[in-house]
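First up is the structure itself, then whatever we jot down about it.
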Amino acid sequence: MPRKSAQSNEESENELIPLPNTQQNQGEVEDLTRMLAAVLEYLSDDSNEEIDVGYLFDSTQGLREWWTQYQENNRKKIEDEIAASLGELTLEDLNKIRDQVKGKK
């Protein structure tokens with residue numbers, strides 16, 4: 001059986017799959033659009049000297065909840081990133097993390 005080329009694999013990974021146009025999806029899109037617009041408006045404001053993420057979460061309705069849900073949905077990816085970064089830590093840092101984990105149990 002012929003193998004697929006790497007290019008065709010990349011193309012299939014980057015394809016957008018259309019979702020059914022339901023009211024729920026439309027509402028979600030509207031909420032995400034509103035939140036993105038609020039964040040971009042804040043970022044483009046020249047009077048802001050520092051980016052205050054806490055302010056963004058507090059002043060953009062639904063953003064904190066969306067971010068929390070996003071993190072939970074991507075928990076496995078976060079766990080993999082943490083596991084990959086453990087090899088770069090010193091033994092002392094690893095022991096501190098172990099103590100923190102034991103303290104949570």
Side-chain angles (χ1 to χ4, degrees):
M1 179 185 322
R3 297 178 70 176
K4 284 186 174 180
S5 70
Q7 184 178 8
S8 65
N9 285 343
E10 289 176 14
E11 289 173 1
S12 65
E13 289 175 7
N14 293 332
E15 277 183 37
L16 294 177
I17 300 171
L19 295 175
N21 192 8
T22 64
Q23 286 292 71
Q24 182 180 2
N25 288 345
Q26 186 62 31
E28 241 179 272
V29 169
E30 289 172 1
D31 285 344
L32 290 171
T33 301
R34 178 187 50 76
M35 288 186 280
L36 177 61
V39 169
L40 290 175
E41 186 175 317
Y42 173 80
L43 293 176
S44 65
D45 186 353
D46 291 336
S47 66
N48 293 328
E49 294 181 17
E50 290 184 4
I51 296 172
D52 185 353
V53 176
Y55 172 81
L56 280 170
F57 282 140
D58 293 340
S59 66
T60 307
Q61 179 186 1
L63 184 60
R64 185 180 306 276
E65 293 79 11
W66 174 84
W67 180 245
T68 301
Q69 182 180 9
Y70 175 83
Q71 287 179 314
E72 284 299 319
N73 290 341
N74 292 291
R75 183 180 183 91
K76 180 65 177 156
K77 182 178 176 185
I78 293 169
E79 289 173 354
D80 291 344
E81 288 174 1
I82 290 170
S85 67
L86 291 177
E88 301 170 7
L89 298 176
T90 65
L91 183 57
E92 181 180 333
D93 290 336
L94 291 172
N95 281 327
K96 287 179 185 177
I97 292 171
R98 181 176 61 186
D99 291 342
Q100 289 176 345
V101 170
K102 282 183 179 179
K104 297 259 183 190
K105 289 183 178 180

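If you're wondering where the values come from, they're calculated on a predicted model, not measured in any experiment.
The distance from atom CD of Glu28 to atom CG of Asp31, rounded to the nearest 0.5 Å, is 8.0 Å. Between the CD1 atom in Ile97 and the CG atom in Leu86 there is a gap of 6.0 Å [rounded to 0.5 Å]. One finds the CG atom of Asn73 at 10.0 Å from the CH2 atom of Trp66 (value rounded to the nearest 0.5 Å). Rounding to the nearest 0.5 Å gives a distance of 11.0 Å between CD of Glu88 and CG of Leu94. Note that CG of Leu36 and OG1 of Thr60 are 10.5 Å apart. Values are rounded to the nearest 0.5 Å. Ile51 contributes atom CD1, which lies 11.5 Å from atom CG of Asp45 (distance to the nearest 0.5 angstrom).
Side chain of Tyr42 to backbone of Asp52: a donor-acceptor contact under 3.5 angstrom is found. Checking side-chain atoms of Asn74 against main-chain N and O of Lys77 turns up no donor-acceptor pair under 3.5 Å.
A 4.5 Å side-chain heavy-atom check between Phe57 and Val53 finds at least one atom pair inside the cut-off. Leu32 has its side chain within reach of Met35: a pair of non-hydrogen atoms, C-beta onward, lies under 4.5 Å apart. Annotation: side chain of Asp58 is in contact with side chain of Arg64 (closest heavy-atom distance under 4.5 Å). Residues Glu92 and Lys96 are in side-chain contact: their nearest non-hydrogen atoms beyond the backbone lie under 4.5 Å apart.
The hydrophobic clustering, which links ILVMFWY residues whose side-chain heavy atoms are closer than 4.5 Å, places Tyr70 and Leu63 together. Note on Tyr55 and Trp67: same hydrophobic cluster, where clusters join Ile, Leu, Val, Met, Phe, Trp and Tyr whose side-chain heavy atoms are under 4.5 Å apart, directly or indirectly.
Remark: Glu41 CD is loosely packed, at most 12 non-hydrogen atoms of other residues, nucleotides or ligands lying under 6.0 Å away. When the shell of 6.0 Å around CD of Gln61 is examined, it contains 12 or fewer heavy atoms from other residues, nucleotides or ligands.
Under a 4.0 Å N-O distance rule, the pair Glu30/Arg34 does not qualify as a salt bridge.
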